[in-house]
Amino acid sequence: MLPTRTTQLAPSLDDFARMAREAFDALPEPFRSLAGEVVIRIDDFADEETLALMEMEDPFELTGLYHGVDIGQRDGLGPAPEASRIFLYRRPILDEWCERGDVGLSEIIAHVLIHEIGHHFGLDDDRIDEIEGADE
C-alpha cells in the first residue's frame, strides 16, 4: 500500500529545510542573488513572543515570518546589524497542506518562502497579494 497524507509520517524539520533550500535554489536571478544573505530557519511554531507581537493567539495562523531590515531601507542605514532571517513554521504549513489537498507540500513551502522574500525586498502584504493575484 502506498503512503497517503493520512498514513505517512510528517516531514521533519530537516525535510522542510531541504525543500526550502530547493525552492530558494530554484529562484531566478537576480532574485536569488539579492536574497542571498537571508538565513532560512525552520521551526515547528512561532514562539510566544512572536505571536504576541503579531497579535495572534493561534500558532497555526502563522506559516512564515521575515525578520530583518529590508534591502530598500539598508541603503540609507548602512549594512544591517544582523543577517535577515526567514522563519518557516512546519506545523502550520503541514496543516495548510492537509487542508488544501490540491497543492503539493513543496509548492506551499516555496510559496511561503517567496512571500517572505518579498518582505525582504521591502514589499508589504498588500503588494505581495497584488503580485500573486496577477500571476493567477
*Please list, chain by chain and in numerical order, all residues satisfying side chain to side chain contact (heavy atoms under 4.5 Å, CB included) with T63, sequence neighbours excluded.*
P92, I93, E96, V112

*Distance in Å, I40 CD1 paired with F16 CZ, rounded so as to fall on 0.5 Å steps*: 13.5 Å

_Tell me every residue that passes side chain to side chain contact (heavy atoms under 4.5 Å, CB included) with E49, counting only those two or more places apart in sequence or in another chain._
D47, L53

*asked:* D126: which residues meet the salt bridge (charged side-chain N to carboxylate O under 4.0 Å, His left out) condition with it, sequence neighbours left out?
replied: none

*same_hphob_cluster(L27, I109) at 4.5 Å side-chain heavy-atom cutoff*: yes

*To the nearest 0.5 Å, tell me how far S84 OG sits from E37 CD.*
6.0 Å

*asked:* Do V39 and I86 make a side-chain contact, defined as non-hydrogen atoms from C-beta onward lying under 4.5 Å apart?
replied: no

*asked:* Going by ring-ring contact (aromatic ring centres under 6.0 Å, His included), name the residues that satisfy it together with H115, two or more places apart in sequence or in a different chain.
replied: H119

*Provide the closest heavy-atom pair for Y66 versus H120 in the form atom of the first, atom of the second, distance.*
OH-ND1, 3.0 Å

*asked:* What's the separation between atom CG in L105 and atom SG in C98, rounded to the nearest 0.5 Å?
replied: 8.5 Å

*Minimum heavy-atom separation for R32 to A26, with atom names?*
NH1-C, 4.4 Å

*Under 4.5 Å between side-chain heavy atoms, chaining through other members, with only Ile, Leu, Val, Met, Phe, Trp and Tyr counted: pull out the rest of the cluster around F45, sorted by chain and number.*
F60

*Non-neighbouring partners of R127 that pass side-chain hydrogen bond (donor to acceptor under 3.5 Å, both in side chains), sequence neighbours left out*: E130

*Grab the two heavy atoms, one from P59 and one from L51, that are nearest each other, plus how far apart they are.*
CB-CD1, 3.7 Å

*asked:* Please find the pair of heavy atoms, one from L62 and one from A46, that lie closest to each other, and give the distance.
replied: CD2-CB, 3.8 Å

*For residues D58 and E61, determine if any side-chain heavy atom of one lies less than 4.5 Å from a side-chain heavy atom of the other.*
yes

*asked:* I need the D70 CG to L123 CG distance, nearest 0.5 Å.
replied: 8.5 Å

*Side-chain heavy atoms of L65 within contact of M54, under 4.5 Å*: yes

*Apply side-chain hydrogen bond (donor to acceptor under 3.5 Å, both in side chains) to E48 and list each qualifying residue two or more places apart in sequence or on a separate chain.*
none

*Sequence neighbours excluded, which residues qualify as side-chain hydrogen bond (donor to acceptor under 3.5 Å, both in side chains) partners of D95?*
none

*side-chain contact (heavy atoms from CB on, under 4.5 Å) evaluation trace for F24 with I117*: CA-CA 10 Å; F24 184 84; I117 288 172; 4.1 Å; yes

*Excluding sequence neighbours, so at least two apart, what forms side chain to side chain contact (heavy atoms under 4.5 Å, CB included) with D15?*
P11, S12, R18, M19

*Describe, in one word, how the ring planes of F31 and F121 are oriented to each other, choosing from parallel (under 30°), tilted (30 to 60°) and perpendicular (over 60°).*
tilted

_Checking D124 now: which residues fulfil salt bridge (charged side-chain N to carboxylate O under 4.0 Å, His left out) with it, not counting sequence neighbours?_
none

*Pairing residues for R41 by the salt bridge (charged side-chain N to carboxylate O under 4.0 Å, His left out) criterion, not counting sequence neighbours*: D43

*Who are the side chain to side chain contact (heavy atoms under 4.5 Å, CB included) partners of E107, not counting sequence neighbours?*
V103

_For a quick test of reading the model, state the closest non-hydrogen atom pair linking A20 to L88 and the distance between them._
CB-CD1, 3.7 Å

_Check this for me: does any side-chain nitrogen of one of R91 and D44 sit under 4.0 Å from a carboxylate oxygen of the other?_
no

_Using the rule that Ile, Leu, Val, Met, Phe, Trp and Tyr join whenever any side-chain heavy atoms are under 4.5 Å apart, tell me whether L113 and F87 fall into a single cluster._
no

*Shortest non-hydrogen separation from T50 to Y89 and the atoms involved*: CG2-OH, 4.4 Å

